[in-house]
*Asks:* 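Dropping the structure in here first, questions after.
Predicted model only: the values in this text are computed from it and were never measured.
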Amino acid sequence: MQYDHKAIEANWQKHWAENQTFKASNHSDKPKYYVLDMFPYPSGAGLHVGHPLGYIASDIYARYKRHKGFNVLHPQGYDSFGLPAEQYAIQTGQHPAKTTEENIKTYRRQLDRIGFSFDWSREVRTSNPEYYKWTQWIFIQLFNSWYNKDSDKAEDISTLVSIFETAGNKKVNAVSDDEIQSFTAAAWKKFSKKKQEEILLQYRLTFLSETEVNWCPALGTVLANDEIVNGVSERGGHPVVRKKMMQWSMRISAYAQRLLEGLNTIDWPQPLKDSQTNWIGRSQGAMVSFKVLPNETSEEKEGTLSYKKIEEIKELRQNSPKATSALWDVLRKKKGAVKFRQQYILGDFLTDFVCFNKKTIVEFVGKEDEIARANYFASEGYTVVYITNDEVLENIDTVLSKINNGIQFPKIAEQQKVAKKKTKKGVSTPINHQIEVFTTRPDTIFGVSFMTLAPEHELVSQIVTDKQKKAVNEYIEATAKRSERDRMADVKTISGVFTGAYAEHPFTGKKVQIWIGDYVLASYGTGAVMAVPCGDQRDYDFAKHFDIDIPNIFENADISEEAHEGKEGTVIANSDFLSGLKYKKALKLAIYELEKRGIGYGKINYRLRDAVFSRQRYWGEPFPVYYKDGMPQMIDVKHLPIALPEVEKYLPTEGGDPPLGRAEKWSWNTKTNEIVDNSLVISSKSSRAESRGEKSKDNGIYPLELNTMPGWAGSSWYFNRYMDPTNSEEFASKEAMDYWKDVDLYIGGSEHATGHLLYARFWQKFLFDRNIVPVDEFAKKLINQGMITGTSAFVYRLNTTQLKQSVFVSKSFIEKAIKEKKSITDYPEYEKIRPSIVDSNKDKKGVFSFATDGETSWSSFIPIHSDVSFVNTSDELDIEAFKNWREEYKDAEFISEEDGTFKVSREVEKMSKSKYNVVNPDAICEEYGADALRLFEMFLGPLEQSKPWKTSGISGVYSFLKKLWKLYHSGDEGTFVVSEDKATAEELKTLHKTIKKVDEDIANFSFNTSVSSFMIAVNELGALKCDKRAILEPLAILISPYAPHIAEELWNKLGHTASISTAEFPVFDGKHLVESSKNYPISFNGKMRFMLEFPLDMNKEELEKAVLANEKTIAQLDGRTPKKVIVVPGKIVNIVG
RNA sequence: GCUCAAGUGGCGGAAUUGGUAGACGCGCUGGAUUCAAAAUCCAGUUCUUUCGGGAGUGUGGGUUCGAUUCCCACCUUGAGUACCA
């Protein structure tokens, strides 16, 4: 019998299915092992050969682990909610459930053909109500939880309520919305129910908020950041704009730090960890608040405060008399509200000390222009406290109290009240604003020479001076118009506008200009930066562009060309108390000082934003939520699942509501706990009720949420469901989860690094906090399989309008024309077909007037993808098949090679339907079999690497399978024969060499090299004519994870009734590999020249002697004396001459 | 720009506690078998050569008796990210 892959594979696939060979048990004495693939989205295109790569690898691993005595869980399912089915539904009206069902059937058929050892009894589908019941359940758990920073975990919302009831919220240390009013326990109890709910919503782990979202008008939905690529939607490439919408969000930011730390405990690929680290974007630094100076003072001095003048002031400072410095010491160290600046320009006068906040000036008496000064200061509303040098030097405390008495406390307090009122009304007020900034370099704070706010920053309109108002508004408008995409496109352009306002430097008291610029992002940090042009390139560029001062605060740093961004080794200079310190120390001291003076504090910032969880789509999980008085209410878990309603169309409503807005029966009856008809809703104050008109009485029927959950909801916990997939009482039983715990090996694509894999870790940690799952990381080890790229085929069409039909030109013909710099018309091949292709009615002039240089002549051809199935392994195109492919090519003409063939050019591209380069695994299974496909996909190269598919290569593994088959069969008939004789030493050596290699390779996930060693083993055993059961039986087990069908067939023929999948893996025995001699490579100056065989037990000296005595060595040395001889017994001999 | 990964024959790739570069396979060349083809089998296949040899793992340096492997600088390609303060 010859090797008949079709019969063998069909037979065993049927056998495995019927006997449930791979069904995993939740009760076993064996150790558990959980091997998981990222479940697929069942697309309409079906599988191509690139898809199963990871599944084959995980299947090999799962089968190997079974041989090694593990109880293996290896499930599969479908991520079956998603956009393509919905898009198809919009176009055709076909219900997405139906499309999905059909696609799943195709997937299953294709997967079954490849012989995977999946336990299909555990299949899950995210779009199945029995599954999404639990997705909704998790959502409710999140809603009922808050993040307690003190215990550093999520807790039930009831613990938060009890804190509120006893102590208000002052001491609550939670991850919550940014702005929360504080209240006492008494106040909490007095709040209305609705008010309490509003407050709680600000703490819940899933919450409703008006968020600026990525709105994609073409898709009619909101997209997550990871669903946007280069400013357009990942699917379809539609433009995306920013829009404010009421959305559900997930407080993933609460877990930022733990998500980061958890990476150290899991064995995931470094690049993937890096990109999660990057995405979380932890940066350590400080918050610093800058006071905005009142406009009256700053505005008038605008222009007079030149940098030259500042330099003068600096000079003056250094020359301060003793008394001045003594007083300054005291004033400066004084904490709190009363903050003085030293020697500051006010109008045309240089003050000794001034406090802008309290409008108080402290002056030494005896200035030449005393009267003019006094008048000016008074007119500006300042109080002046006069002191003398002697007073200061004699008793500085008396002076201090004198100053304190003079400070305008009451007046200012009043002023502030007025200002606050004004602000509330929207009237701009020049005083008492603070700008909070986040910085990672508080050590460079003395280098601040200006500040920049994001154009959207809320303070901009309040601090801008009348003079600058116009320019600022114009700039803000211009920025708002620019889309994200435009902004990204020109990173280089520096733009910004001065607001006219100034802030006060918290340490030096120096005036700092406040600018706005779109290089500052409203969404990161506080939307404002303190600009340190000498230490940050963007600030530097901005300062250069607008001619702003760039003070240097680094020792020995050249900042004439660019900013000095280095940290290590940098010494801070010109920075008061920080001068002379290195980066690390300066950083710590700066934060310490900021905290001490109450003007800032150390802080860790994360780039990770809370995840928007609402989608305006139909084909997703509905929220178990209804609205009462505008507040969201969870439906009791015992009424889950809330199943998707039927709609007549899958588009958003005319009113802009999501597709669920079209459902007629989509309201919740809180009395009967049923979904009821919308017309029954008469309760007031719900957003939808309002639009339908107010009704008189609340009947307990409320509108349901119209959004659905995003694609990542169902995939964020499915690995837990496989442990107990049919449980209708629980998410999964505690017993099952305690047994399986987590995924031991997870295989899937790296494209999910910042999506699925981050969200899944987040949910797992949350579920862990709430004692639902036993571990807080769901996958111990993860491997990213590389992509299998396709080899596209291109044909070239002449690009002219004056032809009756398409004309295609063979590959080398075009290459020739380009090389020879000629036009196609210069060749006789063209003349032959010319009469039949040129339309005589059209102008013939310049039909093929190509430019003669190589580059531009290409523009006269258009490369067109040909379906790869029309091309054979020698790149020849099947012209007839190509013509029949498309109506437009029916009469096409072809200019062929000289040998009459027509060749295509090849290019490696991503495998995709639109590039006509997909290879269907079904066709491969048909022709070569699943075992050949599995071996070949592994043989292509390292699992993690991306590699091109070339079908021609499969003949190698196919003939390997035939040779393997032959080892167990003999004669022309191919009768199955094995001998019971003892195996020879040589045969045992081959076997054990292979066992060792395969064991190591699987441990390293180096599947490509084990296929090589199988080939070597079979070649060697073939040469030895080995037919011993003692060798061939273990060999079948070795190969069975890779090529399970042929192995199972041979195993059966060897007389076993049980499946090979449970056979024990052969054990390596080193004694078969022991050698007595070694063929030494003899090298001269490191270059190997020849081999000499010596016994392995020879020592260094003996070896050296023997080698030097050898005639080949003597010949190679040619009379020279070796300087040195390196002998490594068992390895090499190197002679240095 | 930043972060990461990778550069080895015509092609996919192998070789790392530093020790014979190109395993294994595809493709190609020649031969056997065949009326012929497919299939199968045998031999060869890094480049170069005056057939002694010489050169060679992206480029240039370095460490070493010896470097694809370690170190430094650079170039190229791919992936991710994008004004993150």
Side-chain angles (χ1 to χ4, degrees), chain A residues 2 225-226 229-231 269-279 281-283 285 437-441 444 451-452 454 487-488 490-494 517-521 523-532 535-539 541-542 605-608 750-751 753-754 784 786-787 791 873-874 906 908 935-936 939-942 944-960 962-963 966 1006 1008-1016 1019 1079-1091 1122-1128 1130-1137:
Chain A
Q2 298 304 312
N225 283 337
D226 59 280
V229 179
N230 295 329
Q270 197 55 45
L272 193 145
K273 286 187 183 182
D274 289 344
S275 73
Q276 288 208 348
T277 306
N278 224 312
W279 193 262
R282 181 186 202 268
S283 46
V437 300
F438 175 74
T439 175
T440 53
R441 298 292 303 273
T444 64
M451 300 185 74
T452 316
R487 271 211 211 182
M488 264 188 280
D490 81 317
V491 175
K492 294 273 142 58
T493 316
I494 296 162
D518 68 0
Y519 81 96
V520 177
L521 304 176
S523 57
Y524 183 76
T526 60
V529 300
M530 57 174 229
V532 183
D536 182 285
Q537 194 56 44
R538 291 178 324 255
D539 296 343
D541 295 340
F542 195 86
N605 231 12
Y606 298 92
R607 202 182 72 128
L608 184 69
S750 58
E751 66 272 21
T754 53
N784 291 128
M787 192 175 41
T791 318
T873 51
S874 322
R906 295 286 200 165
V908 170
L935 284 169
F936 186 53
F939 189 58
L940 279 177
E944 297 94 330
Q945 212 167 289
S946 118
K947 52 240 159 188
W949 175 272
K950 261 172 84 182
T951 304
S952 59
I954 204 168
S955 63
V957 292
Y958 190 59
S959 58
F960 157 76
K962 285 191 282 191
K963 284 188 219 168
K966 265 184 151 174
S1006 175
N1008 53 327
T1009 49
S1010 22
V1011 178
S1012 296
S1013 37
F1014 291 144
M1015 289 174 170
I1016 294 166
N1019 287 345
N1079 206 9
Y1080 281 91
I1082 312 299
S1083 51
F1084 292 79
N1085 296 321
K1087 278 269 163 197
M1088 202 280 287
R1089 293 305 169 202
F1090 51 85
M1091 310 286 288
K1123 279 190 199 139
K1124 201 176 177 186
V1125 181
I1126 313 284
V1127 181
V1128 185
K1131 287 240 164 131
I1132 199 169
V1133 178
N1134 188 20
I1135 298 164
V1136 187

*Asks:* Nearest to the side chain of A/M1091, heavy atoms from C-beta on, is which of B/rU20, B/rA85, B/rC4?
*Replies:*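 Minimum distance to the A/M1091 side chain belongs to B/rU20.
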*Asks:* Among B/rU20, B/rC65, B/rU40, which nucleotide has an atom closest to any side-chain atom of A/P1081?
*Replies:*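 Nearest to the side chain of A/P1081 among the choices is B/rU20.
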*Asks:* If we call it a pair only when both distances are under 3.5 Å in a Watson-Crick or G-U wobble match, what pairs with B/rA38?
*Replies:*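 Paired with B/rA38, as far as the under-3.5 Å criterion goes, is no nucleotide at all.
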*Asks:* Mark yes or no for whether A/N605, through its side chain, and A/S283, through its backbone, hold a donor-acceptor pair below 3.5 Å.
*Replies:*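 No.
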*Asks:* Look at the aromatic rings of A/F1014 and A/F960 and report parallel, tilted or perpendicular, splitting at 30° and 60°.
*Replies:*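 If you compare the ring of A/F1014 with that of A/F960, the planes turn out parallel.
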*Asks:* Atom CZ of A/F1090 and atom P of B/rG52: how far apart are they, to the nearest Å?
*Replies:* 17 Å
*Asks:* For atom P, what is the distance between B/rG61 and B/rG53, given to the nearest Å?
*Replies:*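 Each nucleotide's P atom is 28 Å from the other's.
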*Asks:* Once you apply the 3.5 Å cut-off to both distances, tell me the Watson-Crick or G-U wobble partner of B/rG1, or none.
*Replies:* B/rU81
*Asks:* How would you label the glycosidic angle of B/rG9: syn (within 90° of 0) or anti?
*Replies:*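 Syn conformation for B/rG9.
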*Asks:* By the 4.0 Å heavy-atom rule, please label A/V1128 as base, sugar-phosphate, or nothing.
*Replies:*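 Since a base atom lies under 4.0 Å of A/V1128, the category is base.
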*Asks:* Expressed as a whole number of angstroms, how long is the span from A/F1084:CZ to B/rU20:P?
*Replies:*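 Interatomic distance, CZ of A/F1084 to P of B/rU20: 16 Å.
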*Asks:* Over all strands shown, is A/S1013 touching base, sugar-phosphate only, or nothing at heavy-atom distances under 4.0 angstrom?
*Replies:* nothing
*Asks:* Over how many whole Å does the gap from A/N784 atom CG to B/rA6 atom P extend?
*Replies:*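 A/N784 atom CG is separated from B/rA6 atom P by 14 Å.
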*Asks:* Tell me whether B/rG52 sits syn or anti, counting syn as a glycosidic angle within 90° of 0.
*Replies:*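 Base orientation: syn.
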*Asks:* Between A/V529 and A/V957, which residue's closest nucleotide on RNA chain B lies nearer the 5′ terminus?
*Replies:* A/V957
*Asks:* Does OP1 or OP2 of B/rA85 have a side-chain N or O of A/T452 closer than 4.0 Å?
*Replies:*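 Indeed not, no polar side-chain atom of A/T452 lies that close.
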*Asks:* I want to verify a distance call: between B/rU20, B/rG19, B/rA14, whose nearest atom is closest to the A/T1009 side chain?
*Replies:*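 When the side chain of A/T1009 is considered, B/rA14 is the closest of B/rU20, B/rG19, B/rA14.
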*Asks:* Have a look at A/K273 and say if it touches a base, only the backbone sugar-phosphate, or nothing, with a 4.0 Å heavy-atom cut-off.
*Replies:*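 The residue A/K273 makes no contact with any strand.
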*Asks:* Taking the side chain of A/Y519 as heavy atoms from C-beta outward, which of B/rA23, B/rG25, B/rC83 is closest to it?
*Replies:*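 It is B/rC83.
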*Asks:* Does a nitrogen or oxygen in the side chain of A/N605 sit under 4.0 Å from OP1 or OP2 of B/rA85?
*Replies:*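 Answer no for this pair, as no side-chain N or O of A/N605 is under 4.0 Å from OP1 or OP2.
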*Asks:* In whole Å, I'd like the distance from the CD1 atom of A/I1132 to the P atom of B/rG66.
*Replies:* 12 Å
*Asks:* Any donor and acceptor pair, going by atom type alone, linking the side chain of A/Y1080 with main-chain N or O of A/G1130 inside 3.5 Å?
*Replies:*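 Checked: pair present.
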*Asks:* Using side-chain contact (heavy atoms from CB on, under 4.5 Å) as the criterion, point out the one residue from A/D539, A/V437, A/V520 that pairs with A/M451.
*Replies:* A/V437
*Asks:* Could you measure between the two P atoms, the one in B/rU50 and the one in B/rC70, and give it in whole Å?
*Replies:* 38 Å
*Asks:* Grab the CE-C1' distance between A/M1088 and B/rG66 for me, whole Å please.
*Replies:* 14 Å
*Asks:* Name the pairing partner of B/rG10, where a pair is Watson-Crick or G-U wobble with both distances under 3.5 Å, or state none.
*Replies:* B/rC26
*Asks:* Counting only side-chain nitrogens and oxygens, does A/R1089 get under 4.0 Å of the OP1 or OP2 atom of B/rG54?
*Replies:* yes
*Asks:* Any strand counts, and the cut-off is 3.5 Å on both contacts for Watson-Crick or G-U wobble. Which nucleotide pairs with B/rA55?
*Replies:*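 Looking at the geometry, B/rA55 pairs with B/rU46.
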*Asks:* Using atom C1' of each nucleotide, how far apart are B/rA15 and B/rU20 to the nearest Å?
*Replies:*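 Roughly 11 Å separates the two C1' atoms.
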*Asks:* Would you indicate which nucleotide in B/rG80, B/rA85, B/rG12 comes nearest to any side-chain atom of A/L521?
*Replies:*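 From the listed options, B/rA85 comes nearest.
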*Asks:* If you check every side-chain atom of A/K962, which of B/rG19, B/rC24, B/rU40 has the closest atom?
*Replies:*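 Nearest nucleotide to the side chain: B/rU40.
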*Asks:* Look at the side chain of A/D274 and decide which nucleotide, out of B/rC4, B/rA85, B/rA23, has an atom nearest to it.
*Replies:* B/rC4
*Asks:* Kindly say whether A/V529 contributes a backbone atom to a donor-acceptor pair with the side chain of A/T439 at under 3.5 angstrom?
*Replies:*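 No; judged by distance alone, with no hydrogens or angles, the pair does not exist.
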*Asks:* Provide the distance between the two C1' atoms, one in B/rG58 and one in B/rA39, to the nearest whole Å.
*Replies:* 42 Å
*Asks:* Within less than 4.0 Å of OP1 or OP2 of B/rG25, is there a side-chain N or O belonging to A/N1019?
*Replies:* yes
*Asks:* When you measure from the side chain of A/K947 to the backbone N and O of A/P942, does any donor-acceptor pair fall under 3.5 Å?
*Replies:*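 Yes; at least one donor-acceptor contact below 3.5 Å.
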*Asks:* How are the rings of A/F936 and A/W949 set relative to one another: parallel (under 30°), tilted (30 to 60°) or perpendicular (over 60°)?
*Replies:* perpendicular
*Asks:* I'd like the C1' distance from B/rA14 over to B/rC26, given in whole Å.
*Replies:* 15 Å
*Asks:* Taking the minimum atom-to-atom distance to the side chain of A/S275, which one of B/rG80, B/rA39, B/rA23 wins?
*Replies:*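 Selected nucleotide: B/rG80.
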*Asks:* What is the distance, to the nearest angstrom, from the NZ atom on A/K947 to the C1' atom on B/rA79?
*Replies:* 15 Å
*Asks:* May I have the distance from A/K1087 (atom NZ) to B/rU57 (atom P), rounded to whole angstrom?
*Replies:* 9 Å
*Asks:* Given 3.5 Å as the limit, does a donor-acceptor pair link the side chain of A/T452 with the main chain of A/M530, or not?
*Replies:* no
*Asks:* Need the pair for B/rU69. Rule: Watson-Crick or G-U wobble, both distances under 3.5 Å, any strand; none if unpaired.
*Replies:*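 Partner of B/rU69: none found under 3.5 Å.
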*Asks:* P atom, B/rU46 versus B/rU63: distance in rounded Å?
*Replies:*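 My reading of the P atoms in B/rU46 and B/rU63 gives 33 Å.
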*Asks:* If I pick the C1' atom on B/rG9 and the same atom on B/rC28, what distance separates them, to the nearest angstrom?
*Replies:*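 One C1' to the other, the span is 12 Å.
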*Asks:* Toward the 5' end of RNA chain B, which comes first, A/L940 or A/D536, by nearest nucleotide?
*Replies:*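 First, find each residue's nearest nucleotide; the 5'-ward one identifies A/L940.
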*Asks:* Could you measure between the two P atoms, the one in B/rA6 and the one in B/rG13, and give it in whole Å?
*Replies:*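 The same atom, P, in both gives a distance of 13 Å.
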*Asks:* Measure from the side-chain heavy atoms of A/S952 and tell me the nearest of B/rC26, B/rG25, B/rA85.
*Replies:* B/rC26
*Asks:* Phosphate oxygens OP1/OP2 of B/rA5: is one of them under 4.0 Å from a side-chain N or O of A/Q945?
*Replies:* no
*Asks:* Among the candidates B/rA85, B/rG19, B/rG13, find the nucleotide nearest to the side-chain atoms of A/P942.
*Replies:* B/rG13
*Asks:* In whole Å, I'd like the distance from the CG atom of A/L935 to the P atom of B/rG12.
*Replies:* 21 Å
*Asks:* Is the shortest side-chain heavy-atom distance between A/V957 and A/M1015 below 4.5 Å?
*Replies:* yes
